[in-house]
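Remember, it's 1-based here, ligands and their atoms both numbered in the order they're listed.
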Amino acid sequence: MTDRIHVFSDAQGAAEGCARAIADRLNEAIALRGTASLAVSGGSTPKLMFREMVELGLDWSKIQLFWVDERVVPPTDDQSNYRMTRENLIVPGHLPETQVHRVRGEMEAVAAAALYQSEIEAALGPEPRFDVVQCGVGDDGHTASLFPGEPMVADRIGLVAALWVAKKNQWRVTLLPKPILAARSLYVLSSGADKAVAVQSALQGPDNPLGVPSQMLRDAEWFSDAAAVQHLA
Ligand SMILES: O=C1O[C@H](COP(=O)(O)O)[C@@H](O)[C@H](O)[C@H]1O
């Protein structure tokens with residue numbers, strides 16, 4: 001294991017470690033540039049991290065919040081990444097709505113992706129560099145909404161895409177690798193024994209980014225509990 005992998009005894013510890021690292025990088029960006037940008041992932045893993053971020057007292061008036069990916073569902077839907085973030089970070093942390101740049105999941109997917117890209121470009125320019133991108137890893141090795149077999153994992157030009165994810169029977173909108181890998185700090189939060197095989201494949205498996213899209217995160221900094229890294233050598 002390398003020093004880029006931070007291992008904690010449990011999911012709460014990993015979430016706190018990741019939250020603190022994110023907060024430090026955002027505070028540094030604010031001190032340097034007066035503003036900061038953060039793109040977060042969805043699913044369920046970031047909930048603990050968001051609750052910790054609320055406690056850290058960040059100056060959200062200076063932080064622009066984006067998402068790594070979104071399910072194309074209304075913002076009130078149980079599956080909405082925005083809804084999960086709203087419940088665990090935006091409302092309890094009193095984030096100003098002006099700082100929140102959500103994917104319009106209630107729109108048709110291609111139009112939602114185009115609108116999201118234009119919102120990113122308006123905030124960060126045509127070659128966006130988020131101060132922090134926080135990714136997750138699915139138990140199948142996906143990251144963002146780039147699932148195994150998705151050729152867009154090789155795209156190094158585009159910023160945002162709409163894509164049909166057959167295994168989820170769902171449209172998604174996702175950041176593409178270029179803006180993810182261009183982040184000033186790229187963090188991965190992964191916890192739980194159900195992630196152990198995916199984490200091992202991502203970090204130490206034979207090179208196969210098409211089959212294991214989270215391999216594109218090999219140079220990122222990882223925050224994991226012991227269960228998720230149990231197969232790492
Ligand atoms: O579908 C998604 O899954 C991944 C992993 O979610 P988790 O709940 O297993 O941690 C997530 O990173 C992504 O944002 C989400 O849309």
Under a 4.0 Å N-O cut-off, is there an ion pair linking [X] with [Y]?
X	Y	answer
K178	E127	yes
R83	D77	no
R104	E108	no
D140	K195	no

Relative to ligand 1, is T143 under 4.0 angstrom through side chain, backbone, both or neither, heavy atoms considered?
->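 Answer for T143: neither.
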How does E70 reach ligand 1, by side chain, by backbone, by both or by neither, if only non-hydrogen atoms under 4.0 Å count?
->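 Contact part for E70 vs ligand 1: neither.
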Single hit among Q64, R33, R25 for side-chain hydrogen bond (donor to acceptor under 3.5 Å, both in side chains) with D131 |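 The option that passes is R33.
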Return the closest protein heavy atom for [atom] as residue, atom name and distance.
atom	value
atom 8 (O) of ligand 1	S44 N, 2.7 Å
atom 4 (C) of ligand 1	H142 NE2, 3.2 Å
atom 11 (C) of ligand 1	G42 O, 3.7 Å

May I ask which of D69, L146, L175 has a heavy atom nearer to atom 16 (O) of ligand 1 than the others do?
->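 The option holding the nearest heavy atom is D69.
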Got an N/O contact under 3.5 Å between C135 and ligand 1?
->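 No, since none of the N or O atoms of C135 sits under 3.5 Å from an N or O of ligand 1.
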Less than 3.5 Å between some nitrogen or oxygen of T45 and one of ligand 1, yes or no?
->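 Between T45 and ligand 1, an N or O pair is found under 3.5 Å apart.
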Please list, chain by chain and in numerical order, all residues satisfying ring pair (Phe, Tyr, Trp, His ring centres under 6.0 Å) with F66, sequence neighbours excluded.
->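 Result, ring pair (Phe, Tyr, Trp, His ring centres under 6.0 Å) vs F66: H101, F130.
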Could you list the atoms of ligand 1 found under 4.0 angstrom from a heavy atom of [X]?
X	answer
G43	6 (O), 8 (O), 15 (C)
G136	12 (O)
K195	7 (P), 9 (O), 10 (O)
R172	1 (O), 2 (C), 16 (O)
R71	1 (O), 2 (C), 15 (C), 16 (O)

Give a yes or no answer on whether the side chain of T143 reaches the backbone of G136 with a donor-acceptor pair at less than 3.5 Å.
->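 Judged by distance alone, yes, a pair lies under 3.5 Å.
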With sequence neighbours excluded, what pairs up with W67 under the side-chain hydrogen bond (donor to acceptor under 3.5 Å, both in side chains) test?
->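 Checked W67 against side-chain hydrogen bond (donor to acceptor under 3.5 Å, both in side chains); matches are T85.
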Does one side chain, of S145 or D69, offer a donor that lies under 3.5 Å from an acceptor on the other?
->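 The criterion, which ignores hydrogens and geometry beyond distance, is satisfied for D69 and S145.
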